[in-house]
Amino acid sequence: MNAAQQRRDPAQWASVALALLVHLALAAFLFFGVRWQSEPPAAVQVSLVSQPAITPAPPPKPAAPKPAPAPEPKPAPKLEPKPEPKPAPPPPPKAPDIKVPEKKPEPKPEPKPVPKPAPKPAPKPEPKPQKKPAPTPPDRAKAIESSRMDELLAMDAQRAREAALLRQEANAAARNRTMAAYKAKIQGKVKANIVLPLSASGNPEAVFEVTQATGGVVLNVRLVKSTGDPALDDAIKRAIQKSDPLPEPDDPALFNRILILTFRPLEP
Amino acid sequence: MPITQDLSILSLIAEASLLVKLVMALLAVVSFMSWYWIFRKWFSIGRARRKSLAFERSFWSGGDLNQLFESASHDRHNTGPMERIFESGYREFTKLRAKNADHGTIVNGARRAMRATYQREVDELEAHLAFLASVGSVSPYVGLFGTVWGIMNAFRGLSNVSSATLAHVAPGIAEALVATAIGLFAAIPAVVAYNRFAHDIDRLSIRLESFMEEFSNILHRQLR
């Protein structure tokens with residue numbers, strides 16, 4: 001027996017090495033194999049969410065051609081002037097008049113500075129670069145160049161409006177995103193509850209108006225646009241009622257008593 | 001709303017509950033041991049078969065029995081089971097013949113000695129095959145136990161959520177199923193190897209037995 005055991009010693013270490021090799025190969029296969037499967041769906045989800053944020057973003061950029069190099073730094077300085085434009089709410093009514101031409105007659109402010117240096121070279125250039133409303137009141141008191149003043153004010157107001165617009169758009173985009181997520185949550189829950197009728201086929205779309213009370217209690221469900229298949233419409237309606245209580249939004253401010261929801265029950 | 005679960009194998013194992021982890025660790029150890037024995041048995045059975053074939057060839061090529069016995073007893077570390085059976089039988093035969101025992105006793109004694117060696121050899125070849133058999137039959141159940149436990153936990157966690165979706169249970173079930181996967185990974189090769197080795201050992205032992213019969217006939221003839 002001793003002889004037999006001695007005889008097998010080399011095979012013993014080879015076996016340990018081979019067994020290790022097999023397990024390492026399996027571990028590597030599992031590690032990489034399973035990883036590949038899990039990543040693609042994650043990437044798809046990210047792109048879906050980012051889409052609504054991108055579409056509203058482009059409009060502000062063409063609207064503000066002047067600060068082309070720095071669209072981002074603008075909002076920051078604007079935070080301070082914001083209270084200042086408020087004392088001059090009178091311009092806003094005028095502003096529409098100016099605003100409309102301002103988009104095209106951009107050169108307008110530029111020709112003016114040229115005549116400027118002639119009458120008053122010293123004081124004017126300073127407020128110009130800063131464009132702060134603070135120095136403007138004294139200017140107005142002087143009341144020498146009221147038209148230029150108005151223009152300056154209008155420009156300030158315009159810029160403040162643009163900044164506010166930018167912020168609003170950003171807020172709106174964020175709200176849209178949470179709103180979309182909220183709706184997706186409801187749609188997901190309803191979809192899980194839909195019992196598809198046998199007649200269902202294709203990828204029809206139905207729009208429902210859902211009235212809910214606080215806490216997501218479904219009060220009323222009204223068909224706005226039918227799928228064309230009454231059985232399917234009924235199935236969706238039942239599913240909505242069965243989904244009571246509806247999921248709540250992440251941001252409670254988004255809660256809305258009346259929701260317009262679109263359903264594509266057959267969408268894979 | 002998108003639930004981006006990282007389903008890589010590492011996170012699946014890391015997030016499993018303690019008992020499931022223990023089951024997985026046990027199965028990993030068992031799988032390693034079964035693979036170790038698979039390779040060792042593979043080498044030792046293959047070696048035994050090769051040596052036996054080589055000895056059989058040289059035996060039937062009509063060599064001198066004394067010469068064969070010399071080489072077999074000289075190089076004991078490097079012999080196959082058939083050679084060892086021959087050696088023990090021939091040793092007993094020469095001893096009994098020196099004592100002038102009658103023919104029946106001599107052949108029977110040599111045969112008994114060969115049978116004893118044969119049984120030892122077969123026992124050694126079959127050693128640890130039972131381990132492979134139990135791994136093959138038990139480890140799927142152990143893995144299943146881990147899975148059932150993991151799924152129980154997954155569903156218990158589901159009871160705390162008001163709106164139950166598949167996304168809440170799926171990761172837990174995926175974690176739990178890893179245990180079954182490991183159990184099957186340990187079991188399948190063990191079963192295949194067990195069947196293969198059992199078959200190989202059967203064939204080899206039949207070959208050894210027929211050699212014993214033939215060799216005792218030769219010894220019987222030598223006495224005349």
Side-chain angles (χ1 to χ4, degrees), chain A residues 1-24 26-39 41-49 177-178 180-189 191-193 216 243 245-250, chain B residues 1-13 27-48 51 75-81 84 117 120-121 123-125 127-128 161-167 170-171 174 177-178 181-182 184-186 189:
Chain A
M1 284 296 108
N2 277 339
Q5 271 161 10
Q6 276 172 10
R7 191 164 40 89
R8 275 198 315 209
D9 265 350
Q12 189 176 341
W13 293 112
S15 306
V16 170
L18 283 170
L20 264 178
L21 200 74
V22 166
H23 285 84
L24 286 180
L26 178 87
F29 171 74
L30 280 182
F31 185 73
F32 292 110
V34 176
R35 179 142 295 187
W36 286 331
Q37 284 170 351
S38 69
E39 264 176 25
V44 168
Q45 278 164 335
V46 168
S47 72
L48 275 176
V49 173
R177 222 174 306 145
T178 31
Y182 174 41
K183 282 192 172 177
K185 226 196 286 186
I186 298 178
Q187 281 158 345
K189 187 171 181 188
K191 195 170 177 184
N193 282 329
S243 305
L246 298 173
E248 286 178 36
D250 295 333
Chain B
M1 187 56 208
I3 296 172
T4 49
Q5 286 284 352
D6 183 16
L7 285 179
S8 87
I9 195 78
L10 287 184
S11 69
L12 283 184
I13 292 173
L27 286 174
V29 170
V30 162
S31 162
F32 183 83
M33 285 180 64
S34 87
W35 273 98
Y36 169 73
W37 282 116
I38 286 171
F39 283 118
R40 268 191 73 166
K41 283 280 127 188
W42 187 339
F43 291 141
S44 66
I45 291 175
R47 186 189 161 90
K51 295 266 177 196
D75 189 15
R76 295 186 70 171
H77 292 333
N78 200 20
T79 52
R84 282 196 288 273
T117 311
R120 254 201 306 275
E121 290 295 330
D123 173 66
E124 197 190 305
L125 284 175
H128 300 288
V161 191
S162 59
S163 66
T165 61
L166 193 58
L177 285 174
V178 173
I182 298 179
L184 289 179
F185 174 72

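In what follows, chains are A, B, ... by sequence order, proteins preceding strands, each numbered from 1. Please read these numbers as outputs of a predicted model, since none were measured by experiment. Every heavy atom of this structure was used, including side-chain atoms; hydrogens, water molecules and symmetry mates were not.
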message = Using heavy-atom distances under 4.5 Å, tell me whether Ser34(B) contacts chain A through its side chain, its backbone, both, or neither.
response = neither
key: Heavy-atom proximity to chain A below 4.5 Å, by part of Phe43(B)   = side chain
note = Whatever's closer than 4.5 Å to a heavy atom in chain B on Leu26(A) counts as side chain
request  = Can you measure from NZ (Lys183(A)) to OG1 (Thr178(A)) and round to the nearest 0.5 angstrom?
outcome  = 11.5 Å
query = According to the interplanar angle, ranging from 0 to 90°, do the rings of Phe39(B) and Trp42(B) count as parallel (below 30°), tilted (30 to 60°) or perpendicular (above 60°)?
reply = parallel
query = Between the side chains of Thr117(B) and Arg84(B), does any donor sit under 3.5 Å from an acceptor?
reply = no
inquiry  = Looking at every heavy atom in both Leu27(B) and Ala186(B), which two are closest together, and how far apart are they?
reply    = O-CB, 4.4 Å
